[in-house]
Amino acid sequence: MTVPLLSTDRLVKRYGGLLATDNVSIDVASGEIHALIGPNGAGKTTLVGQLTGNVAPDSGTIRFAGQDITRLPTHRRVHLGLARSFQITSVLGEFTALENVALAVQAHAGHSFRFLRDVRGDESLRGPARHCLEEVGLDARAGMPASALSHGEQRQLEIAMALAGDPSLLLLDEPMAGMGVEESQRMIAFLRALKGRRAMLLIEHDMDAVFQLADRITVLVYGRAIASGTPAEIRADEAVRRAYLGDDGMVA
Ligand code: ATP
């Protein structure tokens, strides 16, 4: 059996008396899309926080790319190839799409400090940035101010910024949030095109998207992974059906 790219082993995080992460063991293989789903408050954000290094687990281990990263700071994890999609708030509206990605390339390249005009003129930053924009299908928008992009395009831009460090694993926290049907469909098509080249851990409430994209799905309820399997296995799982009864689409 091949070693997974990312794995957690009996991860535990407590907030007072609450077990937000209850002995969670999950893994993501190279190139696969693994979706993490669960009702509000199930512990998805807490789990992702532990993967990125923002939340310290109480016990258990996290391994990535052959290393124990449980106690590594965030920037070291990013350096190893574990990237979280940037949030819209980190996109600079008055800068063009290309300049935003160039800034992310600059950050990943580890330059201590540079003037912003470098981003506007520096081809060593703009070249790789253009490549990231192509990868998310935004190359035609390279010269537009980020604020002029549609909501869906801004989310694609965030992913382009996450790609700046050439990660092997992308953590995508609700990439479809706030999107209409058409934009969601475009995002699904784009993530499908990205699949295989990058592994993804996808946290998403849009069940249509999850079932269209995921190779495997893990269901969290009250901090515990109650089921993990292929979309067909999850659809047929009794405990999952009970947990989601009444939720849109899941048991249809
Ligand atoms: P949602 O889908 O609503 O974002 P979630 O699945 O991401 O929810 P978390 O945000 O991880 O769930 O929360 C899991 C549980 O841990 C919740 O009961 C929440 O109230 C609690 N929790 C999260 N962060 C903290 C914190 N910093 N201090 C105390 N309790 C917390």
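Numbering of ligands and ligand atoms starts at 1, following listing order. For this chain, numbers begin at 1 and follow the sequence in order.
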Salt-bridge test for Glu238 and Arg242: reply yes if a basic N is under 4.0 Å from a carboxylate O, no otherwise. yes
Could you check whether Arg63 pairs with Asp9 (Lys NZ or Arg NE/NH1/NH2 to Asp/Glu carboxylate O, under 4.0 Å)? no
Looking only at distances, please establish whether an N/O atom of ligand 1 is found under 3.5 Å from an N/O atom of [X].
X: Gly41; result: yes
X: Ala42; result: yes
X: Lys44; result: yes

Under 4.0 Å to a heavy atom of [X] - the qualifying atoms of ligand 1, by number:
X: His205; value: 2 (O)
X: Thr45; value: 4 (O), 5 (P), 7 (O), 10 (O), 11 (O)
X: Ala20; value: 16 (O)

Got a donor-acceptor contact below 3.5 angstrom from the Glu183 side chain to the Gly152 backbone? yes
Is there a donor-acceptor pair under 3.5 Å between the side chain of Thr8 and the backbone N or O of Ile26? yes
Is the shortest distance from atom 18 (O) of ligand 1 to a protein heavy atom below 4.0 Å? yes
Hey, looking at atom 3 (O) of ligand 1, which of Leu19, Asn40, Val55 has the closest heavy atom? Asn40
Selection from Ile203, Leu220, Thr46, Val48 by shortest heavy-atom distance to atom 11 (O) of ligand 1: Thr46
When you look for heavy atoms under 4.0 Å from ligand 1, do you find them on the side chain of Leu18, its backbone, both, or neither? side chain
Should Gly43 be listed as contacting ligand 1, given a heavy-atom distance under 4.0 Å as the test? yes
Looking at atom 28 (N) of ligand 1, what's its closest protein heavy atom, distance included? Tyr15 CD2, 3.4 Å
Out of the candidates Leu172, Ile217, Leu213, only one should pair with Ile33 under the side-chain contact (heavy atoms from CB on, under 4.5 Å) rule; please name it. Leu213
Atom pair CZ/CG of Arg14 and Asp22 - distance to nearest 0.5 Å: 8.5 Å
Are Leu220 and Leu201 in one and the same hydrophobic cluster, where Ile, Leu, Val, Met, Phe, Trp and Tyr link if side-chain heavy atoms are under 4.5 Å apart? yes
Verdict with supporting geometry, Leu169 and Leu51, side chain to side chain contact (heavy atoms under 4.5 Å, CB included): CA-CA 11 Å; Leu169 178 69; Leu51 300 178; over 6 Å; no
